[in-house]
Participant: 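What follows is a single structure, and I will ask about it in a moment.
Protein chains get the first letters and strands the later ones, always in sequence-line order, with residue 1 at the start of each. Just so it is clear, the model here is predicted, and its values are computed rather than measured.
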Amino acid sequence: MIEITLPDGSKRPFDHPVTVQEVAASIGAGLAKATLAGKVDGQLVDAGFPIGHDASVQIITEKSPEALEILRHSTAHLMGQAVQRLFPGAQVTIGPVIDNGFYYDFAYERPFTPEDLPKIEAEMHRIVDERLPVTRSVKSRDAAVAFFRGLGEEYKAEIIEGIPANEELSLYTQGEFTDLCRGPHVPNTGKLHSFKLMKVAGAYWRGDSSNAMLTRIYGTAWLNDKDLKAYLYQLEEAEKRDHRKIGKQLDLFHQQEESPGMVFWHANGWAIWQQLEQYMRGVYQKSGYQEVRCPQILDVSLWKKSGHWDNYKENMFFTESEKRTFAVKPMNCPGHVLVYNQGLHSYRELPIRIAEFGSCTRNEPSGALHGIMRVRAFTQDDGHIFCTPGQIESEVTAFHAQAMQVYADFGFDKIEVALALRPDKRIGGDDVWDRAEAALRAALSRAGVQWTELPGEGAFYGPKIEYHMRDSIGRDWQVGTMQVDFMMPERLGAEYVDENSQKQHPVMLHRAIVGSMERFIGILLEHYAGALPTWLAPVQVVVLNITDAHAAYAGQVAQTLVDRGFRAQVDLRNEKVGYKIREHAMQKVPYLIVVGDREKETGTVAVRTRTGEDLGNMNVDGFIERMGTETRH
RNA sequence: GCUCAUGUAGCUCAGUCGGUAGAGCACUUCCUUGGUAAGGAAGAGGUCACAGGUUCGAUUCCUGUCAUGAGCACCA
């Protein structure tokens, strides 16, 4: 007699060992059909897993969070089988699940090409239609080695030989295809449907360039066709919105070989930057920060004291002069401590908030560089709050509210908060980390925030709250951060005098809202597909004349707008108005003003938006008022 | 940094099985003065990323370097 406990707490007795599938069937035919796998006493298992003792059992269906990974893994096997059917002699090696899908590495007499993918995909669909049962079996290590050698699967055999001899290995078989795998897998190939092969790439066996070259085939797999389509649509949409493309089209910035990972801002891009910076400067002012500016290059001895030398050296650029070594600053915190250290501080002055549009240079790995999203030289809206331990909570909650307001002002309303905890490579003892992590948790709770925790992801000097913004096509970007640091003030000798005339080290909070100006602008461009809100648009309005007879009036209207502080231009080129409209609309200029005889006579402007909406005629003051309302922030 | 791919006119791309290159858009000039997403004609524009090698001859083949892209790892 065994007793199965279901997730709702109900118990079901069975007088014989049962499989997960049978448990599902005892609950209902629908559930039995939907069963992909199971969880027995918290352990993921196949639907066919036999349960011989009292256990808690959960049925995994497409609705379960674990389902997608199982489906993707089974789809990888499906692809392996299809490849071996089409290309006899191809050996399978490893086939893991990755973000959005899976890949499988193959050894074959020639590399696979993109032209092979449709054929493989078609074969995969045939195998799905065959609804082959997927069965699990167990072999000893040596038997497994012999089995795969017998099939000519040298790579598989080599993998297994690396596993201790006393371990039993599970094999999964569907039709003529057998692979070594931990599982679990779907009960039959008919459960797989929404997948697509994406691309091929070369990869060395075991990632070692002295080994043989394999072909890696990437695929994506989803619970249903709707999710698959949504994913493919997102990829397409993301490509259209790529900030590198928009940056070129709208003449915002460029990058070139002589300065890899750095940005040449053109006038249009710099106009966006100026808006962002002015806005953030206002945030500094409203929330009690003093804005400062520190040097780019500081003696290496400072970075040794701060801990960067030991923990961050490989990411730093160094330069020498007269036998002294200097570091180009990768972070702004030490500089701010040096500013704080000028003069003596009383506890009465705390918190002291120091902020900077701090330009940082980091020697990022070349493969990490990506447009203006991931660069080697970037500017942070970086601030450091020097406070007492008792002030941490109120500072963090105030920061949180401010940050959320900023994200909302830029048009982002879905923000996820994560708490990154102590990494392996860190300074300071566990007791200090306990305090720092507890302080952030307490502040987040008080702010009424839901958060997820990321063990091992913190900065080397302290844990951090991370703000992730979701953009208009569903991607998440890490932007803001709030970090508690008990270490740096002590290392760099920051002090204040407490109520008892004793010198104490303040706590240092590192915080940023947009994170990197470069990345944030990149995110904005992709979020808005280049069509920035009027207050951020590099050119807000272009005045177009119809013929030369209206040139003077057009110039006068544009000048009025410029005088009122708007970014207005005039386009007097000898072109048809349709041509000029098309051009400026494609440049995503929010408003286009057309002036001809009618407007000149009545002193009005004809206004249309970049999307083609006709706002009709209005007088210049009316337009100025509209612009004023729209650009107020 | 690793793997693979890519690098041709300002931009987007063709092309050359080895004999120094072409389109569209943009640009210049001329015609056209036209009311809401491309008016017409002519013209100019390229050490084919860089450095070596093979060759009578290399943009093309080979090697290396640099950069970029995709993925991995890393991260703001």
Participant: For RNA chain B, write out the stems as range with range, using runs of 3 or more consecutive Watson-Crick or G-U pairs with both distances under 3.5 Å.
Facilitator: B:1-7 with B:66-72, B:10-13 with B:22-25, B:27-31 with B:39-43, B:49-53 with B:61-65
Participant: Give the C-alpha distance, both sets of side-chain angles, the deciding distance and a yes or no for side-chain hydrogen bond (donor to acceptor under 3.5 Å, both in side chains) between A:Ser359 and A:Gln296.
Facilitator: CA-CA 7 Å; A:Ser359 151; A:Gln296 292 299 315; 3.3 Å; yes
Participant: Using atom P in both nucleotides, what's the gap between B:A44 and B:U63 to the nearest angstrom?
Facilitator: 40 Å
Participant: Let me know the distance between CG of A:Leu235 and C1' of B:G69, rounded to the nearest Å.
Facilitator: 15 Å
Participant: Between A:Arg72 and A:Phe102, is NZ or CZ placed under 6.0 angstrom from the six-membered ring centre and within 45° of the ring axis?
Facilitator: no
Participant: Can you tell me how far C1' of B:A67 sits from CD of A:Gln255, to the nearest Å?
Facilitator: 11 Å
Participant: Take the angle between the ring planes of A:His384 and A:His510 and call it parallel below 30°, perpendicular above 60°, tilted in between.
Facilitator: perpendicular
Participant: Go through the steps for A:Phe412 and A:Leu524 under the test side-chain contact (heavy atoms from CB on, under 4.5 Å), then give the verdict.
Facilitator: CA-CA 10 Å; A:Phe412 298 91; A:Leu524 286 174; 3.8 Å; yes
Participant: Can you measure A:His243 atom NE2 to B:G69 atom C1' for me and round it to whole angstrom units?
Facilitator: 12 Å
Participant: Working note: A:Thr379 + A:Trp273, criterion side-chain contact (heavy atoms from CB on, under 4.5 Å); need CA distance, chi angles, decisive distance, verdict.
Facilitator: CA-CA 11 Å; A:Thr379 303; A:Trp273 180 296; 3.5 Å; yes
Participant: Between A:Trp303 and A:His308, what is the ring plane arrangement, given parallel below 30°, perpendicular above 60°, and tilted in between?
Facilitator: perpendicular
Participant: Angle between ring planes, A:Trp309 versus A:Phe318, binned at 30° and 60°: parallel, tilted or perpendicular?
Facilitator: perpendicular
Participant: Please work out whether the ring planes of A:Tyr467 and A:Tyr407 are parallel, tilted or perpendicular, with thresholds of 30° and 60°.
Facilitator: tilted
Participant: Establish, from distance only, whether the side-chain atoms of A:His468 and A:Asp476 form a donor-acceptor pair under 3.5 Å.
Facilitator: no
Participant: Can you pull out the residues from residues 592-609 of chain A that lie within a 4.0 Å heavy-atom distance of RNA chain B?
Facilitator: A:Val594, A:Gly596, A:Asp597, A:Arg598, A:Glu599, A:Ala606, A:Arg608
Participant: C1' atom, B:C48 versus B:A23: distance in rounded Å?
Facilitator: 16 Å
Participant: Mind checking the CD1-CG spacing from A:Ile427 to A:Asn311? Nearest 0.5 Å is all I need.
Facilitator: 6.5 Å
Participant: Answer yes or no for A:Arg376 and A:Phe317: cation-pi contact, defined as NZ/CZ to six-membered ring centre under 6.0 Å and angle to ring axis within 45°.
Facilitator: no
Participant: Of the options A:Arg519, A:Arg241, A:Arg475, which is the one that meets A:Glu526 in a salt bridge (charged side-chain N to carboxylate O under 4.0 Å, His left out)?
Facilitator: A:Arg475
Participant: Which atoms of nucleotides 71-76 of chain B (N or O only) lie under 3.5 Å from a protein N or O atom, and what are those distances?
Facilitator:
| from | atom 1 | to | atom 2 | distance (Å) |
| --- | --- | --- | --- | --- |
| B:G71 | O2' | A:Tyr218 | OH | 2.5 |
| B:C72 | N4 | A:Gly367 | O | 3.4 |
| B:C74 | O2 | A:Arg374 | NH1 | 3.1 |
| B:C74 | O2 | A:Arg374 | NH2 | 2.5 |
| B:C74 | N3 | A:Arg374 | NH1 | 2.9 |
| B:C75 | O2 | A:Arg374 | NE | 3.4 |
| B:C75 | O2 | A:Arg374 | NH1 | 3.3 |
| B:C75 | O2 | A:Arg519 | NH2 | 3.4 |
| B:A76 | OP1 | A:Lys464 | NZ | 2.8 |
| B:A76 | OP2 | A:Lys464 | NZ | 3.0 |
| B:A76 | O3' | A:Gln478 | O | 3.4 |
| B:A76 | O3' | A:Gln478 | NE2 | 3.1 |
| B:A76 | O2' | A:Arg519 | NH1 | 3.2 |
| B:A76 | N6 | A:Glu364 | OE2 | 3.1 |
| B:A76 | N6 | A:Val375 | O | 2.6 |
| B:A76 | N1 | A:Val375 | N | 3.3 |
| B:A76 | N1 | A:Val375 | O | 3.3 |

Participant: With the side chain counted from C-beta on, respond yes when A:Gln275 and A:Arg567 share a heavy-atom pair under 4.5 Å apart, and no when they do not.
Facilitator: yes
Participant: Anything under 3.5 Å between a protein N or O and an N or O of nucleotides 23-26 of chain B, put it in a table, one pair a line.
Facilitator:
| from | atom 1 | to | atom 2 | distance (Å) |
| --- | --- | --- | --- | --- |
| B:A26 | OP1 | A:Tyr579 | OH | 3.1 |

Participant: For the pair made of CG in A:Asp242 and P in B:U68, what is the distance, rounded to whole Å?
Facilitator: 14 Å
Participant: Set out, line by line, the N/O atom pairs under 3.5 Å between protein and nucleotides 9-13 of chain B.
Facilitator:
| from | atom 1 | to | atom 2 | distance (Å) |
| --- | --- | --- | --- | --- |
| B:U12 | OP1 | A:Lys248 | NZ | 3.2 |

Participant: Quick one: A:Glu575 CD to B:C31 C1', roughly how many Å, whole number?
Facilitator: 12 Å
Participant: State whether the side chain of A:His336 and the backbone N or O of A:Ala355 hold a donor-acceptor pair below 3.5 Å, judged by distance alone.
Facilitator: no
Participant: Does the side chain of A:Lys588 reach to within under 4.5 Å of the side chain of A:Tyr528, using non-hydrogen atoms?
Facilitator: no
Participant: Taking the side chain as C-beta and beyond, is there a heavy-atom pair between A:Ile513 and A:Arg511 under 4.5 Å?
Facilitator: yes
Participant: Assign A:His370 to base, sugar-phosphate, or nothing according to its heavy-atom contacts below 4.0 angstrom with the strands shown.
Facilitator: sugar-phosphate
Participant: Taking atom P in both B:G18 and B:A9, what distance in whole Å separates the two?
Facilitator: 22 Å
Participant: Rounding to an integer number of angstrom, what distance separates B:C62 and B:G19 when you compare their P atoms?
Facilitator: 15 Å
Participant: With heavy atoms under 4.0 Å as the rule, sort A:Gly371 into base, sugar-phosphate or nothing.
Facilitator: sugar-phosphate
Participant: How many angstroms lie between atom CE of A:Met482 and atom NE2 of A:His400, to the nearest 0.5 angstrom?
Facilitator: 11.0 Å
Participant: All N/O contacts under 3.5 Å from nucleotides 6-8 of chain B to the protein, with atom names and distances to one decimal?
Facilitator:
none

Participant: Could you tell me whether the side chain of A:Asp614 has a donor or acceptor atom within less than 3.5 Å of a complementary atom in the base of B:U36?
Facilitator: no
Participant: Given the side-chain rings of A:Tyr279 and A:Phe410, with only the six-membered ring counted for Trp, is the space between their centroids under 6.0 Å?
Facilitator: yes
Participant: Could you state the atom-to-atom distance from CD of A:Gln587 to P of B:A37 in whole Å?
Facilitator: 17 Å
Participant: Within the 4.5 Å heavy-atom criterion, are A:Tyr312 and A:Ser306 side-chain neighbours or not?
Facilitator: no
Participant: With a cut-off of less than 4.0 Å, is there a side-chain N or O of A:Arg582 near OP1 or OP2 of B:G39?
Facilitator: no
Participant: Using the C1' atom on both, measure B:U16 against B:G46 and round to a whole Å.
Facilitator: 15 Å
Participant: Could you check how far CG of A:Asp105 sits from P of B:C2, rounded to whole Å?
Facilitator: 19 Å
Participant: Quick one, A:Asp381 and A:Leu276 - any side-chain contact, counting heavy atoms below 4.5 Å?
Facilitator: no
Participant: On the nucleotide B:G34, are OP1 or OP2 found under 4.0 Å from the side-chain N or O atoms that A:Thr547 carries?
Facilitator: no
Participant: Check the distance between B:G34's C1' and A:Lys576's NZ and give it to me in whole angstrom.
Facilitator: 5 Å
